[in-house]
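Computed from a predicted structure; not experimentally measured. Basis for what follows: all heavy atoms, side chains included, without hydrogens, waters or symmetry-related copies. Letters go in sequence order (proteins before strands), and every chain restarts at 1.
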Protein chains: 2
Amino acid sequence: MDKDLLKQLRKLSQQYAYTSIQMHEAVARKAGFSGTDHKYLGFFLQKGAMTAGELSSLTGLTTGAVTGLIDRFEKKKLVKRQFAAADRRKVIIEPNTKNIMALLEPLYKEYRNKSGKLMASFSVEELKTIEAYFVKAIEIMTETTDKLNNK
Amino acid sequence: MDKDLLKQLRKLSQQYAYTSIQMHEAVARKAGFSGTDHKYLGFFLQKGAMTAGELSSLTGLTTGAVTGLIDRFEKKKLVKRQFAAADRRKVIIEPNTKNIMALLEPLYKEYRNKSGKLMASFSVEELKTIEAYFVKAIEIMTETTDKLNNK
DNA sequence: GTAATTATCTTAGCCACTAAGATACTTAAT
DNA sequence: ATTAAGTATCTTAGTGGCTAAGATAATTAC
């Protein structure tokens, strides 16, 4: 067992997380977001339309905070409120993917190019290894997050 | 070239980042941190002691915000202020790694166990592939962050 | 048809952030 | 040495997003 390798990898995965947080924040600032809005905007790109309540439980924010969040996004034309036909209490938040992309893409462009090149430098086998790691690691983090939040 | 694999991997790496942010936040809440302090606490574990000014440029916070940040950490005995001998204007912030660890470790314990097992399930070759990916990806993200922040 | 529930919004109060300027120390110039 | 300029941190006033609690509006259960 290569303990040093494991230790090094653990450290790297932590550093990877921190570094991505920092990049994420730098992008947010550049995009003109105050505070943490960029983080929540990502949920829309990932999951698509959702109700205010879903966003609240997804983000852990109170419904009041979500109201404000959507207000800010709506003002910037990044999302649109729509009442659900089936249940008119519900507010469906429809992301304007085009506008969101137009805002974020230029800021991520260079990163995308570089990381594309990086990926291309690996063989298919290697990429599958990395993929497998990501899939499992995401699972573990999601489990951990759920446990921390729900009790 | 396996384009689907590349696309999938790109998506996964993004999801990995978001998921780690969410876990990070869940830990923060559980540890009793208001807002984003946990994120900045990580800098100390990574980089060790630094001056207030370094922390400011590292985090992108104003010096005023850093003063408040250190006040909160100091009150919780997670860091200690010390005037630099060479230049008494400078305030060196010494992390109390022991206390920080004692606070965070229990919350990360299960995650550490699980991700340890995950890593152990890969061969040494595979781990080296993952390591190589991490190292390069971190480089790229750091470059991107620097460019976004410094102009 | 009334009560209970659910989903979102509103309000008051709090706290961390920025911007600007104050304080304290250091370095450079004469 | 003295003065000026520069640097590092802290302080203060004002802003804005967050929570908690309650209001509003729609739905479901009895």
Specify the residue among A/A84 and A/V66 whose closest nucleotide of DNA chain D lies further upstream toward the 5′ end.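 Counting from the 5' end, the first nearest nucleotide belongs to A/V66.
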
Chi angles and distances behind the side chain to side chain contact (heavy atoms under 4.5 Å, CB included) call for A/S13, B/Y16: CA-CA 11 Å; A/S13 87; B/Y16 183 87; 3.9 Å; yes

Of the options [options], whose atoms approach the side-chain atoms of [X] most closely?
{"X": "B/T67", "options": "D/dC18, D/dC10, C/dC9", "answer": "D/dC10"}
{"X": "A/V91", "options": "D/dT9, D/dC18, C/dT8", "answer": "C/dT8"}
{"X": "B/T62", "options": "C/dA19, C/dC9, D/dT19", "answer": "C/dA19"}

Starting from [atom2] on [N], measure out to [atom1] on [X] and report it in whole angstrom.
{"X": "A/M50", "N": "C/dT8", "atom1": "CE", "atom2": "P", "result": "12 Å"}
{"X": "A/R88", "N": "D/dT24", "atom1": "CZ", "atom2": "C1'", "result": "14 Å"}
{"X": "A/R81", "N": "C/dA7", "atom1": "CZ", "atom2": "C1'", "result": "13 Å"}
{"X": "A/L55", "N": "C/dA7", "atom1": "CG", "atom2": "P", "result": "14 Å"}
{"X": "B/R89", "N": "C/dT27", "atom1": "CZ", "atom2": "C1'", "result": "8 Å"}
{"X": "A/L61", "N": "D/dA20", "atom1": "CG", "atom2": "C1'", "result": "14 Å"}
{"X": "A/K90", "N": "C/dT5", "atom1": "NZ", "atom2": "C1'", "result": "13 Å"}
{"X": "B/F33", "N": "C/dC15", "atom1": "CZ", "atom2": "C1'", "result": "16 Å"}

Hey, does [X] reach any base, or is it just sugar-phosphate, or nothing, if we go heavy atoms under 4.0 Å?
{"X": "B/A52", "value": "sugar-phosphate"}
{"X": "A/G68", "value": "nothing"}
{"X": "A/S56", "value": "nothing"}

Just verifying a value: how many Å separate B/N99 CG and B/K77 NZ, rounded to the nearest 0.5 Å?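 The CG atom of B/N99 sits 9.0 Å away from the NZ atom of B/K77.
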
Enter the distance from B/H24:NE2 to B/H38:NE2 here, rounded to the nearest 0.5 Å.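 Rounded to the nearest 0.5 Å, the NE2-NE2 separation comes out at 4.0 Å.
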
A/Y133-B/Y133 aromatic ring centre distance below 6.0 Å: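 No, they do not, as the ring centres are separated by 6.0 Å or more.
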
Lys/Arg N to Asp/Glu carboxylate O, B/E25 vs A/K39, below 4.0 Å: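 Yes, charged N to carboxylate O under 4.0 Å.
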
Taking only side-chain nitrogens and oxygens of A/R72, does any of them come within less than 4.0 Å of OP1 or OP2 of D/dG17?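 Checking A/R72 against D/dG17: at least one side-chain N or O falls below 4.0 Å of OP1 or OP2.
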
With distance as the sole criterion, do the side chain of B/T63 and the base of D/dC10 form a donor-acceptor contact below 3.5 Å?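 Check passes, donor-acceptor contact within cut-off.
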
On DNA chain C, compare the nucleotides closest to A/R29 and A/D87; which residue's is nearer the 5' end?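 Taking each residue's closest nucleotide, the earlier one in sequence belongs to A/D87.
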
